[in-house]
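Read the structure below first, then the notes.
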Amino acid sequence: MLPSLLNVHRIHVWCTSFLGRAGGTYLIKGPLFSSMDMLATSDPANVHYIMSGNFSNFPKGPHFREIFDVLGDGIFNADADSWRNQRKLALLQIGHRRFHQFLGKNSRIKVEKGLVPILDHVSKLGLVVDLQDLFQRFTFDTTCLFVTGYDPGCLSVELPKVPFAKALDDAEETLLIRHVVPESFWKFQRWLGVGQEKKLSDAWATLDHTIAKYISKKRDELRKGIKSKEEEGVDLLTSYLSEDEMMGQECDDKFLRDTILNFMIAGRDTTSSALTWFLWLVSTHPVVEAKIREELESVVPEQEGNRWRLFNIEEVSKLVYLHSAICESLRLYPSVPFQHKEPLHPDTLPSGHRVHPRMKVLFSLYAMGRMEFVWGEDCVEFKPERWISERGTIKHEPSYKFLSFNAGPRTCLGKEVAFTQMKTVAAAIIHNYRVRVVEGHPVSPNVSIILYMKHGLMVKVTKRWA
């Protein structure tokens, strides 16, 4: 099967094709002595078994940590007690009232003072803009702000280059490549300091340097007694540093570095990817766009009339059709298109396939959203209505079938934060602007651990209100 590696440039479509023909699960045999045998699956029964039913037999494991070594000992790589302690600690901080105050206040400010001025600028001049780049800048700034308390100012009319953001992109690209080439090959590249591994090494240095600056600056501020006002809420780094030791976890620089980087990837990349695919789908489906606008207008007080406005968290939380459209977009274009696990002990999956230690079990979330046996004959269609019940409420789908926010004990901690941010941004853009993709612009997924558009999303933006 070695020639199949030639499909790495179209890996998502390729996986969808062969998994569809194989009934949802397929054993990929790697080259002899390469330890690259992989069981690819898009079967919800297998996912449920691995993520919940026999969770203890499928940890991240040392091989996963080696591939994702740049993430250190953060929550994405952690297992056992380390993972449980970090999850409890993160849940405590993310769920705190102070953080939600900080989130709500700064999300609205960043939309109003950051995103809107750029959209107004390109609309006025009739410019073409890469909406994916804007969303990456927006979520980079907001995630930096939420996690560290500092706004790097990436989202501005000048569209400045930010080394930290570029380093994240380079690191993610290399991490996916590590999944599809022999381990000996990428380790040899790493030893020589060439190719993709050289790119990762440079990115790693930039990430460490920038995060160290944030930690040092925050420690200095707290040492000098500089704190944000309680009513304004606090960022996560301040919360972690406010107590020297929380729940048995010492918050030293190494722990903080790993925590910040894990949160940055979780917050920046997944949300900006989701917004990009969502706005593309909505702009190319006029009926869906019209229904979202109608729903948005339904929560506007009658005395305000139809005019330019932003929507607050309470307003967007009521929007069933908008929520459904975002879920449908994530079903077709999950921000993290792959996951992989390795069993501790030999096991048999519900599909009947045998797995053993050192064999990767690869979930293709992208393929799962396009499997007829999972979603029906209309699985490739963008239909928000499939998420709405007969009573007009959001229809629940099991997490092992809709895996965009993970499943089982490792379900995403930031799910509600992500939905809130996506709805706030989507509502602001769809209500106030018309977004149209430039004619002939190619749209296809990239090759990375995050599902971005390979060529960006080039659009023209016009105002709806004078």
Side-chain angles (χ1 to χ4, degrees), residues 10-13 15-16 68 71 76 107 110 115 129-144 146-147 154-155 162 164-176 179 261-284 322-323 325-339 363-370 382 402-406 412-426 429-430 435 437 441-459:
R10 54 187 291 274
I11 190 167
H12 309 297
V13 176
C15 279
T16 302
F68 289 87
L71 299 183
F76 286 165
S107 288
K110 202 65 190 178
L115 194 58
V129 66
D130 183 354
L131 202 57
Q132 176 168 268
D133 180 56
L134 288 191
F135 288 149
Q136 286 176 318
R137 291 171 179 275
F138 173 82
T139 56
F140 180 72
D141 280 0
T142 54
T143 305
C144 266
F146 301 154
V147 174
C154 188
L155 184 68
V162 178
F164 189 74
K166 176 66 165 54
L168 282 173
D169 293 337
D170 288 346
E172 288 160 4
E173 179 185 307
T174 304
L175 295 179
L176 183 74
H179 281 79
L261 184 55
N262 280 246
F263 281 158
M264 284 299 303
I265 288 179
R268 180 199 81 139
D269 297 315
T270 54
T271 305
S272 58
S273 165
L275 281 169
T276 301
W277 290 105
F278 173 73
L279 262 295
W280 171 66
L281 284 167
V282 170
S283 68
T284 53
L322 177 61
H323 186 98
I326 291 173
C327 287
E328 180 69 346
S329 175
L330 285 167
R331 179 185 73 84
L332 288 168
Y333 297 98
S335 300
V336 181
F338 285 108
Q339 285 196 44
F363 303 156
S364 175
L365 282 66
Y366 184 94
M368 188 184 291
R370 290 164 170 75
F382 178 58
F402 177 57
L403 199 58
S404 290
F405 293 96
N406 225 326
C412 176
L413 292 170
K415 179 178 178 179
E416 295 309 315
V417 173
F419 266 118
T420 296
Q421 193 171 39
M422 285 189 281
K423 288 178 190 177
T424 303
V425 174
I429 293 177
I430 294 171
V435 176
V437 181
H441 176 68
V443 172
S444 61
N446 68 342
V447 177
S448 177
I449 60 168
I450 303 295
L451 192 74
Y452 279 124
M453 290 187 179
K454 185 184 296 185
H455 307 286
L457 181 58
M458 308 308 293
V459 301

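Remark: side-chain polar atoms of Thr284 are paired, donor with acceptor, to backbone N or O of Leu281 under 3.5 angstrom. The backbone N or O of Met453 lies less than 3.5 Å from no partner atom in the side chain of Trp280, so there is not a single donor-acceptor pair. Checking side-chain atoms of Gln421 against main-chain N and O of Thr271 turns up no donor-acceptor pair under 3.5 Å. Between the Ser273 side chain and the Leu451 main chain, a donor and an acceptor come within less than 3.5 Å of each other.
A salt bridge (Lys or Arg N to Asp or Glu O under 4.0 Å) check over residues 269-283, counting only residues at least two apart or in different chains, returns nothing.
Qualifying side-chain hydrogen bond (donor to acceptor under 3.5 Å, both in side chains) partners for Thr174, counting only residues two or more places apart in sequence or in other chains: Gln196. Tyr366 pairs by the ring-ring contact (aromatic ring centres under 6.0 Å, His included) definition with His12, not counting sequence neighbours. Asp133 meets the side-chain hydrogen bond (donor to acceptor under 3.5 Å, both in side chains) test with Arg137; sequence neighbours excluded. Legend: residues meeting ring-ring contact (aromatic ring centres under 6.0 Å, His included) with Phe76, ordered by chain and number and at least two apart, are absent. Taking Val459 as the reference, Val129, Leu131, Val435, Val437, Leu457, Val461 meet the side-chain contact (heavy atoms from CB on, under 4.5 Å) condition, with sequence neighbours excluded. Residues meeting the side-chain contact (heavy atoms from CB on, under 4.5 Å) test with Thr420, sequence neighbours left out: Ile313, Thr424. Residues satisfying the ring-ring contact (aromatic ring centres under 6.0 Å, His included) test with Phe68, not counting sequence neighbours, are Phe64, His179. With sequence neighbours excluded, no residue forms a salt bridge (charged side-chain N to carboxylate O under 4.0 Å, His left out) with Lys415. Scanning for salt bridge (charged side-chain N to carboxylate O under 4.0 Å, His left out) contacts around Lys110 gives Asp141, Asp151, with sequence neighbours left out. With sequence neighbours left out, the salt bridge (charged side-chain N to carboxylate O under 4.0 Å, His left out) criterion links Asp130 to no other residue.
Atom CD of Glu172 and atom OH of Tyr452 lie 6.5 Å apart (nearest 0.5 Å). Separation of atoms SG (Cys15) and CZ (Arg370) is listed at 12.0 Å; rounding is to 0.5 Å.
Annotation: side chain of Thr139 is not in contact with side chain of Phe146 (no heavy-atom distance under 4.5 Å). When side chains are defined from C-beta on, Leu155 does not count as touching Thr142, because their heavy atoms never get closer than 4.5 Å. When side chains are defined from C-beta on, Met368 does not count as touching Phe363, because their heavy atoms never get closer than 4.5 Å. Using a 4.5 Å heavy-atom cutoff, the side chains of Ile450 and Asp169 are not in contact. When side chains are defined from C-beta on, Phe140 counts as touching Met264, because their heavy atoms get closer than 4.5 Å.
Shown here for Lys454 and Pro445, the closest heavy-atom pair between the two residues is CE-O, 3.6 Å. Between Gln132 and Gly456, the closest heavy-atom pair is NE2-CA, 3.6 Å.
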With a 3.5 Å cut-off and sequence neighbours excluded, list the donor-acceptor pairs that the side chains of residues 327-338 form with protein atoms.
| residue | atom | partner | partner atom | Å |
| --- | --- | --- | --- | --- |
| Glu328 | OE1 | Arg331 | NE | 2.9 |
| Glu328 | OE1 | Arg386 | NE | 3.1 |
| Glu328 | OE1 | Trp387 | NE1 | 2.9 |
| Glu328 | OE2 | Arg331 | NH2 | 2.9 |
| Glu328 | OE2 | Lys383 | N | 2.8 |
| Glu328 | OE2 | Arg386 | NE | 2.9 |
| Glu328 | OE2 | Arg386 | NH2 | 3.4 |
| Ser329 | OG | Phe278 | N | 3.4 |
| Arg331 | NH1 | Gly369 | O | 2.6 |
| Arg331 | NH1 | Cys379 | O | 2.8 |
| Arg331 | NH2 | Cys379 | O | 2.9 |
| Arg331 | NH2 | Glu381 | O | 3.0 |
| Ser335 | OG | Thr270 | O | 2.8 |

side-chain contact (heavy atoms from CB on, under 4.5 Å) evaluation trace for Glu173 with Asn446: CA-CA 9 Å; Glu173 179 185 307; Asn446 68 342; over 6 Å; no
